[in-house]
Amino acid sequence: RVVTWAEQLSSNQATSPQEDVALARTAIGWACACRAAPILDSGSVSSDVLKAARKDMEEAEEHCSWLESHNHAGARLLRAKILVVNDDNFAAAHLQLLEAQKLLPEDKRVQEELQKVKIELRKEEEQQSRAKVAEIRDALKKARTDGADVLPLLRQLSETRCSWETVMETRIGVELK
């Protein structure tokens, strides 16, 4: 109803009717995605609740597509939220939010979502580096017993960014000696 009402406006003192429609679509899409997020992240929900959440995400996607087709800045914010809710794609969401931040530097939702996505992206990257360091550790152990060349493995390790916690948890230092 809000979108229809905004489309019917002939003029507005502060913004154009098109801008009102875009702002309404951004807000509605955001509300739909936020409402669906906890349901889609939950493991145990009834099929009716899951169906309603998917319908909300379809509506959010429709609004986002409209915003993208009209080159509205709110599309970046909404696309980032959709990427996180649907796929937990924090890397792509981070890129969208960086663009949204350039276009909407004062928008609090952009700043809040960017902060959340950065935290999740760091966790994801740390898990990946932990797995890589553990893989290198095992390869070093095997190379030491087989007498193989460890230099390529050491190069891989030096190129892998990881926290001190990862170094301690994987006990890579024991193999490095």
Side-chain angles (χ1 to χ4, degrees), residues 1-7 15-16 18-136 159-170:
R1 289 185 300 190
V2 172
V3 171
T4 303
W5 174 75
E7 288 172 343
T15 59
S16 69
Q18 190 73 4
E19 181 65 15
D20 287 338
V21 172
L23 292 172
R25 284 181 175 273
T26 302
I28 294 167
W30 183 263
C32 288
C34 287
R35 188 168 68 176
I39 295 167
L40 294 175
D41 284 342
S42 176
S44 58
V45 293
S46 70
S47 60
D48 291 340
V49 173
L50 188 59
K51 185 177 178 182
R54 286 190 179 131
K55 186 175 181 193
D56 282 345
M57 288 308 298
E58 287 173 14
E59 184 175 349
E61 184 64 48
E62 288 172 18
H63 290 297
C64 188
S65 295
W66 186 92
L67 290 165
E68 289 170 338
S69 71
H70 288 80
N71 295 320
H72 190 268
R76 300 285 188 161
L77 173 64
L78 187 52
R79 177 60 60 202
K81 188 67 173 176
I82 290 170
L83 286 166
V84 169
V85 172
N86 280 339
D87 304 322
D88 287 339
N89 189 342
F90 298 108
H94 185 254
L95 294 174
Q96 290 288 333
L97 288 167
L98 289 176
E99 287 298 316
Q101 186 179 34
K102 289 177 189 173
L103 300 170
L104 304 166
E106 296 88 28
D107 193 327
K108 282 187 146 193
R109 289 183 301 185
V110 172
Q111 302 306 321
E112 291 169 358
E113 195 67 16
L114 185 58
Q115 184 178 11
K116 290 176 191 174
V117 166
K118 279 183 180 179
I119 290 168
E120 292 301 320
L121 186 58
R122 282 189 201 119
K123 286 179 188 176
E124 199 173 78
E125 288 170 347
E126 186 64 24
Q127 287 175 344
Q128 291 171 352
S129 70
R130 186 175 293 122
K132 182 70 175 169
V133 169
E135 179 183 308
I136 293 170
E159 294 168 358
T160 304
R161 289 184 51 199
C162 62
S163 67
W164 181 249
E165 289 80 22
T166 296
V167 170
M168 296 303 290
E169 284 176 20
T170 58

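As a basis for the values below, the full set of heavy atoms in this structure was taken, side chains included, without hydrogen atoms, waters or symmetry mates. Positions are given from 1, in the same order as the sequence printed here. Nothing here was measured: the structure is a model prediction, and the numbers come from that model.
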- Can you tell me how far CE of M57 sits from CD1 of I82, rounded to the nearest 0.5 angstrom? 5.0 Å
- Item | Rounded distance [0.5 Å steps], CG in L77 versus CD in Q111 | 10.5 Å
- Do L121 and E124 touch side chain to side chain, with heavy atoms closer than 4.5 Å? yes
- Message: Consider side-chain contact (heavy atoms from CB on, under 4.5 Å). Of L104, L103, L98, which one does Q101 pass it with?
- Response: L98
- Check whether any side-chain N or O of S42 sits under 3.5 Å from a backbone N or O of P38 as a donor-acceptor pair, and report yes or no. no
- Report the distance from atom CD1 of I28 to atom CG of D56, rounding to the nearest 0.5 Å. 12.0 Å
- Query: Taking all atoms of both residues into account, what is the closest heavy-atom pair of W66 and V21, and its distance?
  - Reply: CH2-CG1, 3.5 Å
- So how far is it from T160 OG1 to E135 CD, rounded to the nearest 0.5 Å? 9.0 Å
- Query: Does a side-chain N-to-carboxylate-O contact under 4.0 Å join E99 and K102?
  - Reply: yes
- Query: Could you state the interatomic distance from OG (S47) to CZ (R54), rounded to the nearest 0.5 Å?
  - Reply: 9.5 Å
- Note on the structure: Between G74 and T26 the two heavy atoms that sit nearest each other are CA-OG1, 3.9 Å
- Note on the structure: Between V84 and F90, the two heavy atoms sitting closest are CG1-CE2, 3.8 Å
- State, yes or no, whether a side-chain contact exists between R79 and E61 at a heavy-atom distance under 4.5 Å. yes
- Message: Please determine whether a side-chain nitrogen of the Lys or Arg among R122 and E125 lies less than 4.0 Å from a carboxylate oxygen of the Asp or Glu.
- Response: no
- Item | Shortest non-hydrogen contact from L67 toward A22 | CD2-O, 3.4 Å
- If you measure from NE2 on H72 to CZ on R25, what distance do you get to the nearest 0.5 Å? 11.5 Å
- Query: Is there a side-chain contact between L40 and L50 (heavy atoms, below 4.5 Å)?
  - Reply: yes
- So, R161 and E126, do they make that salt bridge, N to O below 4.0 Å? no
- Query: Can you tell me if CZ on R35 sees more than 12 non-hydrogen neighbours from other groups inside 6.0 Å?
  - Reply: no
- Item | Closest heavy-atom pair and its distance - A60, C32 | CB-CB, 4.1 Å
- Message: So which atom in A80 and which in Q96 form the shortest heavy-atom distance, rounded to 0.1 Å?
- Response: CB-CB, 3.9 Å
